[in-house]
Amino acid sequence: MTHENTANHVPDAQNLQLEHQKCIADLGEWKRTHTCGQLTGEHAGTAVCLMGWVQFRRDHGGLIFIDMRDFGGLTQVVFSPDIAPQVHKSAHILRSEYVLAVRGSVRRRPEGMVNPALPTGEIEVVVHEWKLLNTSKTPPFPIEERCDVGENLRLAWRYLDLRRPWMQANLRLRHKVTQAVRSYLDEGNFVEVETPILTKSTPEGARDFLVPSRLNPGEFYALPQSPQLFKQLLMVAGMDRYFQIVRCFRDEDLRADRQPEFTQVDIEMSFVDEAQVMEMAEGLMARIFKNVMGRQVSLPFSRMTWLEAMDRYGVDKPDTRFGLELVDLTEATRASKFALFANAERVKALKVPGGAPLSRKEIDDLLEFVKNYGAQGLAWIKIKPGEWQSPIVKFLSEAERKHIAEALDTHNDDILFFQAGKTAMVNAALGNLRVHLGEQLELIPENAFNFLWVTDFPLFEFDEAEKRYMACHHPFTSPAPDSLDKVVSDPANAFARAYDIVLNGNEIGGGSIRNHSADAQRRMFAALGFSPESAESRFGFLLRALEQGAPPHGGIALGLDRIVMLLAKASSIRDVIAFPKTQKAACLLTEAPSEVSSAQLCDLGLRLRENAAASAGACGTE
RNA sequence: GGAGCGGUAGUUAAGACGGUUAUAACGCCGGCCUGUCACGCCGGAGGCCGAGGGUUCGAGUCCCUUCCGCUCCGCCA
């Protein structure tokens, strides 16, 4: 205590709060009759008991007004010396976030005193008696809707952050979504089955979280990246239709829409094709929107092949709420004198109607933006009356200009952006630039929800680091019928029976029809470069199951956090998760992860290397 | 692993050109106040400018290192 001298005559908030704690009472026989959002003029005259927190205190010396808050809203309660002098006097001790119970009567507010901004603004509760249920230290940040506080503070004091109405609404919205999911799938004869959290590491795909086994020293469980294999085994088991609202774990770097633990709505169905899974998922999304938002969504959702998505939007999760589609100019510029275009694997352009007023600075910022995606530069042309303003226009022939003007349907005051190079880079740079411009130029309609299925994904992707093909979706995905021969012979051109569901440019789910024959699954493993022995040791249990009468099956997994984020119009899934982690995967509230005792390590047969934190980075080179 | 933004009172921010005692609003504490509702008025307290090192007569400000939060690339079957 550094302020002992002053503490005696000028109490600080801390001492004051200690003093007030002497007044704390139990509930006793008091029973809450209403919530703080419930009372209206119709309740005038009724005796009520409210319990909640002090949101605002307006102590006039004479009258004291307290805005009481609970999950339901705010109610103004009045302590008046005319009604109960002792009660009024005792209420001076109330401070922000103190917890209280009041008994009193509802009355209509006097003429002209109605607060139209408040749902309960027509009435107030005149307090006849009250109890202090708890004190509170002054909160580290204001518990208000409008408070704009740093995320580190919000996370360190998450239970206070969650008291704010917006966060309360988000968690309640999330609850309504899961309830809609459960009712819809239950009606569709799906069975909710829990699958193991301690499971087997299958180091294909994301990095696993590992859990050491005490009973089997030197061995590890992995936390599931998804219940993929278990749900397939449940189809073999004849469950027919399975779902689970399930936590999944991936030890990869975080993003606004990626947490190390996240929740999937995991679904699998027997004896179905792609169309049936998609139809089921559309009905599910429609149910969510109806129950949660009171909105109709039009069915079926639009569909687009992966090739078309990449061609028109440059990304595999197009935001179709606005235009600015990409135009391929590769062939048109093949013979150009402009070497950058002529020699490029791919040339594409993006037209911003009316974008010519963009300043040099703004264009430079866009260049910096596309550099994130490997672009070296960003060519542009401003369409002005009678001339094209551009650093590159002098390289373009009359024929090329004519072709560009036609292909992009140019008008005065448009600006064109160009990208040339490797196809993947061109698509990534322009596709992401498109979304960036859509946001920056406010081209995206406020309340639109555009669903889209992206279908016909490639089966494989060549991994430059590992020098082998990797499954685009996952290794259990069935090849498309006309790609069966290509799985081993021409993997680069094989397509998958896989589909993603996209909402407003966000991937909110993905699924596939699986390999239900052991032979087909073995061919996939072979194409992925697994030896038969390695396939057996990693996935033998799956192969054996597929040999025991596995039915044709397929399914989908929906990202619950992302769906709720979009419905809540939140900018991060952290805002719809009660206790999320920071970008360094830490919980600022509990301070996890943390060191453990040597006794705990000893039980597990583990020993840390000297300076484990520093040596972790060196593992890759060993 | 990489790029960028940020860290100054309890909170949100200003200060950045190196130069007196580091500002403001809200919050907090005290006083006054019987119709406020983000009450009002008066007064007061509150700071190792994220941390460490350096340059300098002098650093919130310049340089280096480091920690933390956020956005993105890589990564995320």
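Convention: sequence-line order gives letters A, B, ...; per-chain numbering from 1.
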Chemist: Please give the distance between the P atoms of B:rG6 and B:rA14 as a whole number of Å.
Modeler: 10 Å
Chemist: What's the gap between B:rG27 and B:rU11 when it is taken at their C1' atoms, as a whole Å value?
Modeler: 7 Å
Chemist: Could you walk me through whether A:Arg434 and A:Asp319 pass the salt bridge (charged side-chain N to carboxylate O under 4.0 Å, His left out) test, one step at a time?
Modeler: CA-CA 9 Å; A:Arg434 172 182 173 272; A:Asp319 189 338; 5.8 Å; no
Chemist: Tell me, which pairs form a salt bridge (charged side-chain N to carboxylate O under 4.0 Å, His left out) where one or both residues lie in residues 110-127 of chain A, sequence neighbours left out?
Modeler: A:Arg107-A:Glu124, A:Arg108-A:Glu122
Chemist: Rounded to the Å, how far apart are A:Glu151 CD and B:rG7 P?
Modeler: 16 Å
Chemist: Please check if the number of heavy atoms outside A:Phe220 that lie under 6.0 Å from its CZ is greater than 12.
Modeler: yes
Chemist: Please verify the inter-ring angle class for A:Tyr159 with A:Trp157; under 30° counts as parallel, over 60° as perpendicular, anything in between as tilted.
Modeler: perpendicular
Chemist: I'd like the C1' distance from B:rG44 over to B:rC49, given in whole Å.
Modeler: 23 Å
Chemist: Can you say whether a donor on the side chain of A:Arg95 sits under 3.5 Å from an acceptor on the base of B:rG27, or the other way round?
Modeler: no
Chemist: Provide the distance between the two P atoms, one in B:rA22 and one in B:rA9, to the nearest whole Å.
Modeler: 14 Å
Chemist: Apply the test side-chain hydrogen bond (donor to acceptor under 3.5 Å, both in side chains) to residues A:Asn115 and A:Gln76: give CA-CA distance (whole Å), side-chain angles for both, the deciding distance (0.1 Å), then the verdict.
Modeler: CA-CA 10 Å; A:Asn115 181 354; A:Gln76 172 168 286; over 6 Å; no
Chemist: Counting only side-chain nitrogens and oxygens, does A:Arg255 get under 4.0 Å of the OP1 or OP2 atom of B:rC70?
Modeler: no
Chemist: Measure from the side chain of A:Ala206, starting at C-beta and using heavy atoms only, and say which of B:rC76, B:rC37, B:rC72 lies closest.
Modeler: B:rC76
Chemist: Paired with B:rA13 by Watson-Crick or G-U wobble geometry, both distances under 3.5 Å: which nucleotide is it?
Modeler: B:rU23
Chemist: Taking only the P atom of each, what is the distance from B:rA45 to B:rA24 in whole angstrom?
Modeler: 13 Å
Chemist: Distance check, C1' atoms only: B:rU8 and B:rG60, in whole angstrom units.
Modeler: 7 Å
Chemist: State whether a side-chain donor-acceptor pair under 3.5 Å links A:Asn515 with A:Gln521.
Modeler: yes
Chemist: How about A:Glu442: does its CD atom have over 12 heavy atoms from other parts shown lying under 6.0 Å from it?
Modeler: no
Chemist: Looking for any heavy atom pair under 4.0 Å, which part of the strands does A:Tyr373 touch: base, sugar-phosphate only, or nothing?
Modeler: sugar-phosphate
Chemist: For the residue pair A:Ser136 and A:Trp53, confirm or rule out a side-chain donor-acceptor distance under 3.5 Å.
Modeler: no
Chemist: Restricting both atoms to N or O, compile the protein contacts to nucleotides 49-52 of chain B shorter than 3.5 Å, with distance only.
Modeler:
none

Chemist: Please determine whether any donor N or O and acceptor N or O are separated by less than 3.5 Å between the side chain of A:Arg258 and the base of B:rC76.
Modeler: yes
Chemist: Kindly give the atom pairs (protein nitrogen or oxygen, nucleotide nitrogen or oxygen) under 3.5 Å for nucleotides 65-68 of chain B.
Modeler:
| residue | atom | partner | partner atom | Å |
| --- | --- | --- | --- | --- |
| B:rC68 | OP1 | A:Lys584 | NZ | 2.9 |
| B:rC68 | OP2 | A:Lys584 | NZ | 3.2 |

Chemist: Please give the distance between the P atoms of B:rC48 and B:rG1 as a whole number of Å.
Modeler: 33 Å
Chemist: Determine, answering yes or no, if A:Phe141 is stacked on B:rU11 under the 5.5 Å centre rule and the 30° plane rule.
Modeler: no
Chemist: Mind listing the residues from residues 107-116 of chain A sitting with a heavy atom below 4.0 Å of RNA chain B? Number order is fine.
Modeler: A:Arg107, A:Arg109, A:Pro110, A:Met113, A:Asn115
Chemist: For B:rA59, what is the paired nucleotide under Watson-Crick or G-U wobble rules, both distances under 3.5 Å?
Modeler: none
Chemist: Does a nitrogen or oxygen in the side chain of A:Arg574 sit under 4.0 Å from OP1 or OP2 of B:rU71?
Modeler: yes
Chemist: Glycosidic conformation of B:rC68, syn or anti, with 90° from 0 as the boundary?
Modeler: anti
Chemist: Using the P atom on both, measure B:rC70 against B:rC26 and round to a whole Å.
Modeler: 30 Å
Chemist: Passes salt bridge (charged side-chain N to carboxylate O under 4.0 Å, His left out), A:Arg207 versus A:Asp253? Steps please.
Modeler: CA-CA 10 Å; A:Arg207 199 175 283 114; A:Asp253 285 0; 5.5 Å; no
Chemist: To the nearest Å, how far apart are A:Asp59 CG and B:rG40 C1'?
Modeler: 12 Å
Chemist: Could you check which nucleotide pairs with B:rC32 in any of the strands shown, counting Watson-Crick or G-U wobble with both distances under 3.5 Å?
Modeler: B:rG40
Chemist: Given B:rG35, B:rC70, B:rC29, identify the nucleotide with an atom nearest to the side chain of A:Gln583.
Modeler: B:rC70
Chemist: Scan for salt bridge (charged side-chain N to carboxylate O under 4.0 Å, His left out) pairs involving residues 491-500 of chain A, sequence neighbours excluded, and state none if there are none.
Modeler: A:Glu274-A:Arg497
Chemist: So, under a plain 3.5 Å distance rule, would you say the side chain of A:Glu252 forms a donor-acceptor pair with the base of B:rG74?
Modeler: no
Chemist: Measure the distance between the ring centre of A:His60 and the centre of the six-membered base ring of B:rC39, then answer whether it is under 5.5 Å with planes under 30°.
Modeler: yes
Chemist: What residue pairs, at least two apart or across chains, pass salt bridge (charged side-chain N to carboxylate O under 4.0 Å, His left out) with a residue in residues 576-588 of chain A?
Modeler: A:Glu261-A:Lys581
Chemist: Just to be sure I understand the rule, does A:Ile64 reach a base, reach only the sugar-phosphate, or reach nothing, if contact means heavy atoms closer than 4.0 Å?
Modeler: nothing
Chemist: A:Lys371 NZ to B:rG74 C1': how many Å, rounded?
Modeler: 18 Å
Chemist: Between B:rG27 atom C1' and A:Tyr98 atom OH, what is the distance in whole Å?
Modeler: 15 Å
Chemist: In the structure shown, which nucleotide is the Watson-Crick or G-U wobble counterpart of B:rG6, with both distances under 3.5 Å?
Modeler: B:rC68
Chemist: Rounded to whole Å, how long is the line connecting atom CD of A:Gln14 with atom P of B:rG10?
Modeler: 14 Å
Chemist: Using a heavy-atom cut-off of under 4.0 Å over every strand shown, decide if A:Glu97 touches base, sugar-phosphate, or nothing.
Modeler: nothing
Chemist: Is it true that A:Phe79 and A:His92 have ring centroids separated by less than 6.0 Å?
Modeler: no
Chemist: Side-chain donor or acceptor of A:Asp82 under 3.5 Å from a matching atom on the base of B:rU34?
Modeler: yes
Chemist: Look at all strands and tell whether A:Asp253 reaches a base, only sugar-phosphate, or nothing, counting heavy atoms closer than 4.0 Å.
Modeler: base
Chemist: For B:rU36, does OP1 or OP2 lie under 4.0 Å from any side-chain N or O of A:Arg58?
Modeler: no
Chemist: Any side-chain N or O of A:Ser96 under 4.0 Å from OP1/OP2 of B:rC28?
Modeler: yes
Chemist: Do A:Phe539 and A:Phe476 have ring centroids that are under 6.0 Å from one another?
Modeler: yes
Chemist: If you assign each of A:Asp257 and A:Ser226 to its closest nucleotide in RNA chain B, which residue comes earlier from the 5' end?
Modeler: A:Asp257
Chemist: A:Pro140 has a side chain; which of B:rC28, B:rG10, B:rG35 sits nearest to it?
Modeler: B:rG10
Chemist: Can you tell me how far the CG atom of A:Leu155 sits from the SG atom of A:Cys587, to the nearest 0.5 Å?
Modeler: 8.0 Å
Chemist: Have A:Gln225 and A:Asp208 got a donor and an acceptor in their side chains that come within less than 3.5 Å?
Modeler: yes
Chemist: Where the side chain of A:Ala256 is concerned, which of B:rU71, B:rC76, B:rC28 is the nearest nucleotide?
Modeler: B:rU71
